[in-house]
Peer 1: 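What follows is a structure written as C-alpha cells; I'll ask about it next.
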Amino acid sequence: MNKHAVVFLLLAVISGATLLADDGYRLWLKYDVVSSPKTLKAYRQSVKGWMTVGDSPVLRAAEQELERGLEGLLGFSVPRLSKLKKGLVIAGISRDIPFLDETDLEDRLGRIGPEGFLIRNTILGGKDVIIITAREERGVLYGVFRFLQLLQTHQNIDEVDMVSSPRVQLRLLNHWDNLDRTVERGYAGFSLWDWHKLPAYIHPYYYDYARANASIGINGTVLNNVNANPLILTRQYLEKVAALADVFRSYGIRVYLSVRFSAPTDIGGLSTADPLDEQVQAWWRGKAEEIYALIPDFGGFLVKANSEGQPGPQGFGRSHADGANMLADALKPFGGVVMWRAFVYDHNVKEDRAKQAYNEFKPLDGKFRDNALVQVKNGPIDFQPREPFHPLFGGMPQTPLMMEFQITQEYLGFSTHLVYLGTLYKEVLAMDTYARGEGSTVARVVDGSLGGHALSGIAGVANTGTDRNWTGHLFAQANWFAFGRLAWDHELSAEEIAEKWIRLTLSNDPAVIQPVSKLMMASRENTVNYMTPLGLHHIMGWGHHYGPAPWIKDKHRDDWTSVYYHRADNNGIGFDRTATGSDALGQYYPEVRQYFTSLASCPEEYLLWFHRLDWDYRTKSGRTLWEELCHRYHAGAESVREMQAEWDALEGRIDQESFQHVRSMLSIQVGEAEWWRNACVLYFQSLSQRPIPPELGKPDKDLQYYQNLSFPFAPK
Ligand code: BDP
C-alpha cells in the first residue's frame, strides 16, 4: 500500500468513526437509515410517499416529524404527495381523512380515546395506504411518533393495526430547576431553561426536549423547583415562561409552575398569605388572570406547602385543603388545576415519619375542589431504592391522587449508576391497595378508574439537564422513556419497554437486545442489594445524599438521620411498624396490613421496613439475619461486576462512543457498590458484633476510613 492509500484509509476510518459516534443527544429519536437491508427494502416497497391533512401548529409538528423520520429511516427524500396513491402514509384527524367513512373502521375509530390514535393499513378511495389518525391533533402527533418507532424497531408495517389511548390524563415531568439554573437533585448538568436569555433567545434544544416528550406521550411540564422561588410569578419571569410555552404548545405540552404559598407577601406586597383572606384570594385570582393572558393553555400550579421549611396554609391556622382550594378557585375559570403535594412531615411531630402524610391528608378526603389533585410520592418516606406503596393510595377514595415518581436518581446512584427504573415503577403500580377488594391496584387509583374520577395524573421528577446526552448516564434516558410509556399505559411491562428502548437507542441486534435487557431488568434489584437490602432505607450521606452513611445520628432533625430508620443496636435491626411498634401498618387496608405484619408472608424485601428483628433471626435462606444482610450486600456488589463483564462483551456491537461512556460509568458503579457494601457491613458489624461470613471476604479498609470520607461539592 502506498503512502496516499494509507492516508486515505486513515481518513476514511476517522470520518467513519465520527459519523458513527453517538453522543446521546438524539435520545431514542434516531432516524438513521434502517440497518437491516431486508427490512429497508420492504419499507421502501410499502412506503411511496406521505401526506398530512389539516393545518395547525401541532399538525405541522407531526408533519415535520413524519418527513424527517421517513427521510432518515428510508434513506431518501420520501415524496410528499397530494393525491391518494398506493403506499401513501397519511396522517390527520379522522374527520379530515378522505374516504375514511367508506371504510369499515368505524368500530375501531370509536375506540380511540382522548389523545389516542389509530395506525392501520387500509384502503382509501381504492388505494392501499397506511393511516395515522386520531380524534384530536395531539393524537395525530403521538401516532406519527409511534409509527416512526415501528420503523425504528423494524416491525412489519404491512399489517399494522394499533389503537392506543392514554390511561392517565396528566402525564407530567416535574423539574426541580432553580432560576439560577442549578437543579435540585439534578445530576446531568444545569437546568435546560436559560432564564437569563429568555424570552428573546429560544434555544434549539427546547424543541428537541418537546419532541422527546411528545414521542412518549408526556403532555405537561412543571418548569421550576417545588422549593419555589416566588419570582417565577413576576411579570418578568412569566414572559419567559410564556416563551417556553409557545415552543411546547406545538408538541401538545402544557406548561405548569411550582408556586410558593407565600407569594402574596413575597412579591405581592400583602401582609398575609392566609388563604381565607379576601385580599389574598384576589391576589391569586389576578395572578391567574395575568398568567392566562400570556399563556392561554397554562396547566396550573404545583405546590409544596408546610414541608421542609416551605410556607403553607398551616402557618395561618388553615388546612392543606383550604390552601389548595383557594388556588383551585383562582385557576378554575381558566381550566387550570392545582397539584397539591402530600410530601408533608414535620420533625416536631413525634410520630413515625412514614405515617405523617396520611395522618394529615386522610381527614381531608372529599374536601378538595374538583380541579385539585393531591400528588403523592410512590412510598411513604422519600423515593428510597425500595418502599412499600404510600398508604394514601386507596386511603383517599374521594380525591384524585396523582402519582409522583422520581426519575432523577437521588437515592439510586445519581447519574453514574445504571439502574433501570421501569421495574420500580411497575412494582409500585401493580401493588394491591385492597381499597375495594382484591385488584384495587395503585395503578387503578392513579388512573382514576377505581374512584371514578374525571381527573387523573402522574408526575416524574425529571433527570434532564444540559449534559449533551440530557441525562448524564445513557441508560438514565431509559428511565425518562419508561416513565413516559408507563404514564401512557401502565399495563405495559417493564421488560417490553426496556426492549423497545434498547432497539430505539442502541441496536436492533438480538445479540445486543437480549443481554442488555437482562442487565437492565436486574439492575434495580442489584442496587437495592448493595444499598438498602431487606427493607433498609434512608441510610445515605447527609445533605447531598451521596454514598452510604448509616452512622448518621445526633442532628437537629432526627428524621433526617439514618439511625432513626434502621434502629440497629447490639440486639437487632429494623423499624417496627406493626401494631406493637409505630403501627404505620394500621394505615393500610386489612389484607395489606396482615400481609406485611405476618413474618410468614412479609416478603424479605420489606422485612426491616416493617419489622425489628434480632440479629439471629432465621431468614428464609436459613441464614441468620446478620449473615443474610452481609450476603445481600455482597451479592449486590458482585452483580455490578457481572454487569460490567456483560457490558464489556458487547464491544463492537454498538456505537463505540456509547459503549465507552457506559463502560466508564460502570467502573464508577463497581467502586461505589463496593463502597456501599463495605461501609454498611462494617458499620452494622460494629453493632451486631458478629463476624462477616468468611466466604465473603473482608473489606480492605476500616469503618473509620469510610466515616471520614467527605464530599463538600457533591451535587445536591
Ligand atoms: C427530597 C429531596 C429534596 C426535595 C424533597 C421534595 O431530598 O431535595 O425538595 O424531596 O420532594 O427527596 O420536596
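Because the structure is predicted, anything quoted here is derived from the model rather than measured. FYI, side chains are in, hydrogens and waters are out, and symmetry mates aren't considered; it's all heavy atoms of this structure. Whatever order the structure lists ligands and atoms in, that order sets their numbers, starting from 1. The chain is numbered in sequence order, starting from 1.
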Peer 1: Hey, mind stepping through Trp675 and Tyr546 against ring pair (Phe, Tyr, Trp, His ring centres under 6.0 Å) and telling me if it holds?
Peer 2: CA-CA 11 Å; Trp675 168 30; Tyr546 176 56; 5.1 Å; yes

Peer 1: Record the part of Tyr411 in heavy-atom contact with ligand 1 below 4.0 Å; permitted values are side chain, backbone, both and neither.
Peer 2: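 Only the side chain of Tyr411 comes within reach of ligand 1.
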
Peer 1: Within less than 4.0 angstrom of ligand 1, does Gln310 place any heavy atom?
Peer 2: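 False for this residue.
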
Peer 1: Relative to the heavy atoms of Phe343, which atoms of ligand 1 are at a distance of less than 4.0 Å?
Peer 2: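 Listed by number with element, the hits are 5 (C), 6 (C), 10 (O), 11 (O), 13 (O).
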
Peer 1: Classify the contact between Asn227 and ligand 1 as side chain, backbone, both or neither, using a heavy-atom distance cut-off of under 4.0 Å.
Peer 2: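 Side chain only.
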
Peer 1: Say whether, by atom type as modelled, one donor and one acceptor occur between the side chain of Arg386 and the main chain of Tyr606 under 3.5 angstrom.
Peer 2: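 Pair absent, no side-chain N/O of Arg386 close to backbone of Tyr606.
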
Peer 1: Show the atoms of ligand 1 that are less than 4.0 angstrom away from any heavy atom in Asp382.
Peer 2: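 It comes down to these atoms of ligand 1: 1 (C), 10 (O), 12 (O).
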
Peer 1: Please examine the side chains of Trp193 and Tyr206, heavy atoms only from C-beta on, and report whether any two atoms are closer than 4.5 Å.
Peer 2: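 Contact flag for Tyr206/Trp193 side chains = yes.
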
Peer 1: What I'd like to find out is whether the side chain of Met403 reaches to under 4.5 Å of the side chain of His490, using heavy atoms alone.
Peer 2: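 Sidechains of His490 and Met403: no contact.
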
Peer 1: Before accepting this row, confirm whether a basic side-chain N of the pair Asp322/Lys367 lies closer than 4.0 Å to the acidic partner's carboxylate O.
Peer 2: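 No, Asp322 and Lys367 are not salt-bridged.
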
Peer 1: Hey, is Glu410 touching ligand 1 through its side chain, its backbone, both or neither, going by heavy atoms under 4.0 Å?
Peer 2: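 It is the side chain that gets close, since no backbone atom is under 4.0 Å.
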
Peer 1: Does any non-hydrogen side-chain atom of Asn359 lie less than 4.5 Å from one of Gln587?
Peer 2: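 Yes, close enough: below the 4.5 Å cut-off.
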
Peer 1: Would one find an N or O of Glu404, backbone or side chain, under 3.5 Å from an N or O of ligand 1?
Peer 2: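 Such a contact does not occur with ligand 1.
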
Peer 1: Heavy-atom contact under 4.0 Å between Lys716 and ligand 1?
Peer 2: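 Contact check Lys716 vs ligand 1: negative.
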
